[in-house]
Q: 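This is the structure I want to talk about, given as structure tokens.
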Amino acid sequence: YSQCLRGTALPAPTTSAPAPPTTVAPPATSVPTSSGPTPTAPASCAAIPTSISFSNAALPDPFQPIAGGARISTKAQWTCQRNEISQLLQRYELGTMPPKPQSVTASFSSGTLTINVSDQGKSISFAVKITTPSGSGPFPAIIAYGGPSIPIPNNIGVITFNNDDMAAQQSGSSRGQGKFYQLYGSGHSAGAMTAWAWGVRRIIDALEITPATNVDLTRIGVTGCSRNGKGALVAGAFDERVALTIPQESGSGGSASWRLSNFQQSQGQNVQTAPEIVQENVWFSPNFNSWVNQVNSMPVDHHQLTAMVAPRGLFVIENTSMEWLGALSTYGCQRASKLIYQALGASANMGYSQVGNHNHCAFPSSQQIELTAFLNKFLLSGSGTTDIFRTDTTYNNFDQTRWIPWSVPTLS
Ligand code: MCU
């Protein structure tokens, strides 16, 4: 994390406004939309307009279909609503998630799972290290981007994912580098986070066909911290086979809202915003460059990214001492996420815990009881209190009526 720690101690940005992106993506109407639905999308969902005109300074209503008409009112309708959110996030920010490739094969030896993927005449191979508890399984396991920075008890396995090998994240000039781009071309619209999430999907494909790994397919978690926390959140959003998603200090670009990060900046805070993030690194698609200076024109913000995880387990860990990560922004954004879980009747499956006075990515012991509850409930079939919304700071300037003006339906 040396590069991160530099960025964190003295956050990357200069005091002057960043120059506008040099690569300007085509307008939204012409960005690729041919990827088809995410794998769980039913064929019967309404088409998403190719041209969208949108303006809302508040967090967009996650229950409102983009084509207009009535807000959704049933849990059954959430399937298409979630698919729509997925398509919009791909179109505006993340780039296209390719559908399942033509071939995925795997082999497992000495704790290393080697995954071979072929699609449209090209092939790549990558490997993950798996450690599982001793004894007879199958065991729950957590896919950890770059290795875990939360304590993982020894009755849960760890799958270490070298996400940088899948898509580089050295700087703003790492665009198109890594195995994902060897397979799909360096000009593919997917940002690094989408490429990593695609990699997580292939890891789970490989686990499905490799029982020797001894991983319980119904009890898979994903985690990462900071930039890798942003990535872990995207992976949990895009794969319904993930039972528990734990983004740690993901901040702006992860569990924070673009709109609220801008608000923090308007209050004089030094916070990462959309125009900065696309300069700093390649986590997002080039599609996003067209929107970073007009985030109110985007029909999606990051409460809708966490909404894609719902109603599955989600524990969002944040740090009040990190102004740069958007401390108020993550708080407000996740208030909205919690309401979405509530609408789905699954409030207890989502937790938010924000504690300061520790280094970036250093898990504080005061959050242990909460983490343990999530691991017990979603990976170990145990119990614990997971209906959590906690911060050690009071955000008097968070005006919920202003930012979350929509009512919360009870979806039947
Ligand atoms: C929180 O994630 C990032 C942040 O977005 C960057 O601006 C900063 O430079 O690095 C953080 C990080 O990944 O730290 C490990």
Side-chain angles (χ1 to χ4, degrees), residues 1-19 21 93-94 144-150 160-164 166-175 191-197 222-236 245-258 260-262 264-265 269-285 288-289 292 295 301-302 305-306 316-331 333-334 352-356 358-364:
Y1 276 112
S2 55
Q3 59 177 342
C4 305
L5 294 172
R6 267 205 312 279
T8 314
L10 270 180
T14 56
T15 44
S16 60
E93 299 187 4
L94 297 170
Y145 278 46
S149 26
I150 49 171
T160 304
F161 176 37
N162 180 0
N163 52 305
D164 291 23
M166 187 57 70
Q169 56 167 334
Q170 289 300 107
S171 68
S173 52
S174 315
R175 179 71 68 195
M193 295 196 294
T194 302
W196 301 334
V222 63
T223 190
C225 191
S226 206
R227 58 195 63 203
N228 288 343
K230 306 182 211 301
L233 175 56
V234 173
T245 303
I246 309 178
Q248 182 186 12
E249 298 189 44
S250 62
S252 294
S255 74
S257 146
W258 300 122
L260 282 162
S261 295
N262 280 354
Q264 273 190 250
Q265 191 179 54
Q269 296 193 15
N270 182 26
V271 58
Q272 183 161 42
T273 58
E276 192 282 338
I277 209 167
V278 297
Q279 295 289 314
E280 183 183 333
N281 219 305
V282 294
W283 299 311
F284 290 90
S285 170
F288 193 30
N289 294 348
V292 293
V295 297
D301 206 324
H302 278 218
L305 178 61
T306 35
V316 177
I317 299 170
E318 284 296 336
N319 185 342
T320 46
S321 298
M322 298 281 155
E323 187 172 290
W324 176 247
L325 305 193
L328 172 139
S329 182
T330 66
Y331 170 84
C333 185
Q334 296 313 313
Y352 178 79
S353 179
Q354 187 183 35
V355 171
H358 58 87
N359 288 337
H360 186 41
C361 297
F363 183 79

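All ligand and atom numbering here is 1-based and tracks the order in the structure.
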Q: Please report the shortest heavy-atom distance between Val271 and Ser252, naming the atom on each side.
A: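 So the two residues come closest at CG2-OG, 4.0 Å.
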
Q: Could a heavy atom of His360 be found less than 4.0 Å from some atom of ligand 1?
A: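 His360: in contact with ligand 1 (<4.0 Å).
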
Q: Pick, from Gln248, Arg227, Gln272, the option with the minimum heavy-atom distance to atom 4 (C) of ligand 1.
A: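 Result: the heavy atom closest to atom 4 (C) of ligand 1 is in Gln272.
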
Q: Would one find an N or O of Glu276, backbone or side chain, under 3.5 Å from an N or O of ligand 1?
A: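 Between Glu276 and ligand 1, no N or O pair is found under 3.5 Å apart.
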
Q: Any donor-acceptor pair under 3.5 Å linking the side-chain atoms of Gln169 with those of Asn281?
A: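 No - no donor-acceptor pair under 3.5 Å links their side chains.
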
Q: Is there at least one pair of N or O atoms, one from Lys230 and one from ligand 1, spaced under 3.5 Å apart?
A: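 Yes, Lys230 has an N/O under 3.5 Å of an N/O on ligand 1.
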
Q: Using the side chain to side chain contact (heavy atoms under 4.5 Å, CB included) rule, take Phe288 and Ile277 through it: C-alpha gap first, then chi angles, then the decisive distance, then the call.
A: CA-CA 10 Å; Phe288 193 30; Ile277 209 167; 4.3 Å; yes

Q: Going by distance alone, is a donor N or O of one side chain under 3.5 Å from an acceptor N or O of the other, for Tyr352 and Thr330?
A: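 A pair is found: one side chain offers a donor N or O, the other an acceptor, under 3.5 Å apart.
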
Q: Heavy atoms only, cut-off 4.0 Å: how does Ile277 contact ligand 1, side chain, backbone, both, or neither?
A: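 Near ligand 1, Ile277 shows nothing, with every heavy atom at 4.0 Å or more.
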
Q: Is there a nitrogen or oxygen of Trp283 sitting under 3.5 Å from a nitrogen or oxygen of ligand 1?
A: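 Min N/O separation from ligand 1 is not below 3.5 Å for Trp283.
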
Q: Counting each atom of ligand 1 from 1 as listed, which ones have a heavy atom of Glu249 under 4.0 Å away?
A: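 So the atoms of ligand 1 that pass are 1 (C).
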
Q: Mark up the atoms of ligand 1 that fall under 4.0 Å of a heavy atom belonging to Leu325, in ascending order.
A: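 Taking each heavy atom of Leu325 in turn, ligand 1 has 1 (C) under 4.0 Å.
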
Q: Test side chain to side chain contact (heavy atoms under 4.5 Å, CB included) on His358 and Glu249; report intermediate values, then the result.
A: CA-CA 12 Å; His358 58 87; Glu249 298 189 44; 3.1 Å; yes

Q: Looking only at N/O atoms, are Trp324 and ligand 1 under 3.5 Å apart anywhere?
A: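 Yes, at least one N or O pair falls under 3.5 Å.
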
Q: I'd like to know if the side chain of Trp258 pairs up with that of Glu93 as donor and acceptor (distance under 3.5 Å, no hydrogens or angles considered).
A: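 Yes, Glu93 and Trp258 have a side-chain donor paired with an acceptor closer than 3.5 Å.
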
Q: Indicate whether the side chain of Glu280 and that of Gln272 have a donor and an acceptor atom separated by less than 3.5 Å.
A: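 The answer is yes; a qualifying pair exists.
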
